Structure formats: C-alpha cells, structure tokens
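My structure is below; once you've seen it, I'll send some questions.
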Amino acid sequence: MTRIDIVTGKRDELGECPLWDERTQSLFWIDSHARLVRRLTPANGEYREWLLPSAIGSIALCESGRLLVALASEFSYLDLATGQLQKIAGVTHAEEKIRMNDGRTDRAGRFVAGSLVMGRNEKLGALYQLDSGGKVQVLDKGFAISNGTCFSPDGRWLYFTDSRTRKIMRYSYDIASGKAGTPTVFIDTEPLGSAGDGATVDREGHLWTALVEIGKLGRFTPEGKLDRLVDMPVRYVTCPCFGGPNLDILYVTSISNSGNVLTDDHPDAGALFAIHGTGVQGLPEVRFADKT
C-alpha cells in the first residue's frame, strides 16, 4: 500500500528537478519560475534556498559539492556556501524566448539538458551536452519542450521527450564518447491522455515519468510497456526522483502556476510530495565530473 505525504509547507510555482544528495541526506529541487533552488534535509527539517538571476531549467549535483545550474541561456556552478555563481558556458538559442529546461547527468558525469520554446509550438529547441571541461555540443535539435532526460542504469540508453509530441524517445548512448545514436519512439503516452514531463529510472531499469496533464505517475518496463500508474493528489505533477536513506521514497514536484499555460488553484498545487511503499528502489544520483 502506497502512502503520499506532503513534504513541506513550501509551494512552488513551477516545481522541477528533485535530486537526492546521498552525501548530505538532503533533497534539492527548483522552482523554475520563481528562480529558486531549494534544499531540505528531512531528518532535521533544515531548509535553505538560493535566489538566482534567471529562470532555472534544471540542476545537477557535482563531485566538488557545488551544484551545476542550467539557467536560461548558460550553465553555471552555484557555490552553496556563498550563493555565488560561476559561469561555465553559454548557450546561443535559435531565437528569443527560448530557455534551458530539463536535464540529467549521464553515467560518465556529463550533463545533458534540453531547451524549451516559451509560449509557442515551434521546434526551435535543442538537446545539449556539457562535459567536465566546459565544452557544449548539440546532440539533437528540433524540439518545442525538452523534458524527461534520464539514462538507463547501464548508461547505454538516453531517454528524452519533446512534451508537445507525447512520445518518449530513446537514443543509444556511448558512455565513453558521449555520442548519441538515432532516436526511436520508446513510449507513446498519447493513449494515456498526457505528455510525459520529468523522468527517472529505478534500480530495475524501469522508467518513471510524470504524466503532467492527468495527475499521475507512470512506470514503464525496460521494453516500454506500462507497468503501473500512481494517482497523485494534484493534477500537474512534473518530475520524480528516488531519495531517502534507502532510496525507496519517490519525491515528486508539481505546478501551481507555470507562468505559461498551466495553473491550478488546488491548495496543494505546487507541493513537493513523497510517495512511500512502492516496493521499488532508485539509484544514487550521478554527479557532474567538475574540476575543483
């Protein structure tokens, strides 16, 4: 029997990208629209937040203890002690009103993140890869809303979706070189009535994605078959991650007002949720291989 709790009284406008830090036993997540990075240590209730200068697409843990932050048009390090930002590399978008969005670290410590075209359905976004030396390269392009970036446990598959298409794609991925193959359709979420948003994989290699339009989480087998649906307390859920001391708690972010088209006046909209009792464990978050 699963149980869903609200983790904190904080409410996000556009909650995204939860990450469990095993070293500190704390949970990071972002309010992308409010430009906040948040951190909660569940064991003692300690909470901190950092206000950044632009919308935040995603974050990654770093080997050095810093955070990597995908800001609107650049990748930067965030020093958690001082709150100072250090730019790593910029991103040149195809047009105005495009910003960075969802991202994840590959199994070799590179960061892969895509961009989002704001307020219009134009496929002007791209999927980028950032390596430890600060080099940015384009893995693919032609997307409106980049989401669902994550990797299979062995790192050989990159999962990704343009949420406008309601199709989760799968790329073969070379861990040594970081090269991605030709994408194929892995999961079609159209029959479920929703696009996929953020995603993660569990220890068994199943993919969990937030079905953002219908208030559910979907678990899919490594073959792309629907295995389980979990009903959430609010409609617009955005991204899951596994956390807790045993990596068996599924944390899920949500939306109250995305600043674009999604708004929800439910009193729990924008809450961070914890799902207990799934019987499933996740994997430790891979850290970006930054140079200290």
Side-chain angles (χ1 to χ4, degrees), residues 4 6-7 11-19 29-34 55-59 70 99-104 113-121 123 125 127 143-150 159-170 185-202 206-220 224 226-242 250-275 278:
I4 303 177
I6 294 176
V7 177
R11 294 291 185 270
D12 297 315
E13 294 176 49
L14 177 51
E16 284 282 6
C17 202
L19 298 174
W29 76 103
I30 61 175
D31 185 334
S32 181
H33 193 233
I56 310 163
S58 49
I59 56 176
R99 67 167 177 83
M100 294 304 300
N101 202 46
D102 185 78
R104 213 74 172 200
S115 54
L116 175 153
V117 181
M118 294 181 283
R120 60 200 195 277
N121 186 19
K123 295 183 177 296
L127 182 62
F143 311 111
I145 305 177
S146 299
N147 268 316
T149 314
C150 61
Y159 302 114
F160 173 81
T161 185
D162 178 348
S163 292
R164 290 282 189 189
T165 68
R166 291 187 170 180
K167 290 178 173 58
I168 298 172
M169 309 302 289
R170 186 172 72 166
V185 176
F186 179 53
I187 300 163
D188 184 355
T189 61
E190 177 68 36
L192 297 171
S194 177
D197 199 325
T200 191
V201 295
D202 60 30
H206 289 60
L207 180 91
W208 294 76
T209 189
L211 296 166
V212 63
E213 297 168 82
I214 59 171
K216 298 178 188 291
L217 285 184
R219 186 192 194 218
F220 296 86
L226 180 64
D227 174 73
R228 190 185 309 185
L229 284 174
V230 179
D231 291 315
M232 297 298 296
V234 296
R235 181 174 183 180
Y236 300 126
V237 289
T238 53
C239 191
C241 85
F242 285 93
L250 199 55
Y251 290 101
V252 185
T253 49
S254 66
I255 291 171
S256 61
N257 184 351
S258 70
N260 192 2
V261 296
L262 302 181
T263 60
D264 188 352
D265 60 4
H266 189 288
D268 296 331
L272 173 69
F273 298 96
I275 306 175
T278 64

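Values in this document were obtained by computation on a predicted structure and should not be read as measured data.
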Practice task
State the CD1-NZ distance between I145 and K123, to the nearest 0.5 angstrom.
Solution key: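 The CD1 atom of I145 sits 9.0 Å away from the NZ atom of K123.
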Exercise for the section: Report yes or no: does D31 contribute a side-chain atom to a donor-acceptor pair with the main-chain N or O of L14 at less than 3.5 Å? Expected result: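 Such a contact is found between D31 side chain and L14 backbone.
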Problem - Trace of the side chain to side chain contact (heavy atoms under 4.5 Å, CB included) decision for C150 with L207 - result: CA-CA 9 Å; C150 61; L207 180 91; 3.4 Å; yes
Practice task
Kindly indicate whether the side chain of N101, heavy atoms from C-beta on, has any atom under 4.5 Å from the side chain of N147.
Solution key: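 The answer is yes, as the side chains (C-beta and beyond) meet within the 4.5 Å cut-off.
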Handout entry: Heavy-atom pair of closest approach, residues A144 and R164
Key =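 Closest pair (atom of A144, atom of R164, distance): CB-CG, 3.5 Å.
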Handout entry: Over all atoms of both residues, closest heavy-atom pair of G198 and P240
Key =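 Minimum heavy-atom contact is O-CD, 3.4 Å.
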Handout entry: Closest heavy-atom pair and its distance - T209, G196
Key =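 Heavy atoms only, the tightest pair is OG1-CA, 3.7 Å.
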Handout entry: With L226 via side chain to side chain contact (heavy atoms under 4.5 Å, CB included) - residues at least two apart
Key =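 Listed in chain order: L192, F220, L229.
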Problem - Between CG on residue D268 and CZ on residue F273, distance to nearest 0.5 Å - result: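 That separation rounds to 5.5 Å.
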Exercise for the section: Could you pull out all residues at least two apart from N257 that satisfy side chain to side chain donor-acceptor pair (under 3.5 Å)? Expected result: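 Residues passing side chain to side chain donor-acceptor pair (under 3.5 Å) with N257: none at all.
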Practice task
For T238 and T253, test the side chains for any donor-to-acceptor distance below 3.5 angstrom and give the result as yes or no.
Solution key: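 Looking only at side-chain atoms, T253 and T238 do form a donor-acceptor pair, the distance falling under 3.5 Å.
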Handout entry: Interatomic spacing from CG in L272 to CG in D12 - rounded to 0.5 Å
Key =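 Taking CG in L272 and CG in D12, the distance rounds to 7.5 Å.
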Exercise for the section: Please report the C-alpha distance between W29 and Y251 in whole Å, then the side-chain angles of each, then the deciding distance to 0.1 Å, and finally whether the side chain to side chain contact (heavy atoms under 4.5 Å, CB included) criterion is met. Expected result: CA-CA 10 Å; W29 76 103; Y251 290 101; over 6 Å; no
Problem - Which atom of G125 lies closest to which atom of S115, heavy atoms considered - result: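 What the structure gives for the nearest pair is CA-OG, 3.2 Å.
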Handout entry: Sidechain-backbone polar pair: S32 side chain, I56 backbone, donor-acceptor under 3.5 Å
Key =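 Flag set: sc S32 to bb I56 pair under 3.5 Å.
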Exercise for the section: State, yes or no, whether a side-chain contact exists between R104 and T200 at a heavy-atom distance under 4.5 Å. Expected result: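 Yes, at least one pair of side-chain atoms sits under 4.5 Å.
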Handout entry: Separation between CD1 of I4 and CG of L217, rounded to the nearest 0.5 Å
Key =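 Reported value, rounded in 0.5 Å steps: 8.0 Å.
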Handout entry: S194 side chain to V212 backbone, donor-acceptor under 3.5 Å
Key =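 Answer holds: yes.
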Practice task
Determine whether the side chains of D102 and T149 contain a donor N or O and an acceptor N or O closer than 3.5 Å.
Solution key: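 On atom types as modelled, these side chains qualify, holding a pair under 3.5 Å.
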Handout entry: Inter-residue atom distance D188.CG - M169.CE, 0.5 Å rounding
Key =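 It comes to 10.0 Å.
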Practice task
For C17 and C239, work out which heavy atoms get closest and say how close.
Solution key: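 Smallest interatomic distance, heavy atoms only, reads N-CB, 3.9 Å.
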Practice task
Take E16 and D197, measure what side chain to side chain contact (heavy atoms under 4.5 Å, CB included) needs, and give me the verdict at the end.
Solution key: CA-CA 10 Å; E16 284 282 6; D197 199 325; 3.5 Å; yes
Handout entry: Side chain S254, main chain V237, donor-acceptor under 3.5 Å
Key =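 The answer is no, because no donor-acceptor pair under 3.5 Å joins these two groups.
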Handout entry: Derivation and outcome, side chain to side chain contact (heavy atoms under 4.5 Å, CB included), residues Y159 and R170
Key = CA-CA 5 Å; Y159 302 114; R170 186 172 72 166; 3.5 Å; yes
Exercise for the section: Enter the distance from E13:CD to L262:CG here, rounded to the nearest 0.5 Å. Expected result: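 The CD atom of E13 sits 13.0 Å away from the CG atom of L262.
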Exercise for the section: Output yes when a side-chain donor or acceptor of S58 lies under 3.5 Å from a complementary backbone atom of G103, and no otherwise. Expected result: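 Checking the backbone N and O of G103 against the side chain of S58, a donor-acceptor pair under 3.5 Å is found.
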Problem - Cationic N near anionic O, under 4.0 Å, D162 to K167 - result: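 Result for this pair is no, no salt bridge flagged.
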Practice task
Check whether any side-chain heavy atom of T278 sits under 4.5 Å from a side-chain heavy atom of R219, and report yes or no.
Solution key: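 Sidechains of R219 and T278: no contact.
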Problem - Nearest non-hydrogen partners of E213 and R166, listed with the distance - result: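 Smallest heavy-atom distance, with atoms named: OE1-NH2, 2.8 Å.
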Problem - Side-chain heavy atoms of H266 within contact of R235, under 4.5 Å - result: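 They are not in side-chain contact.
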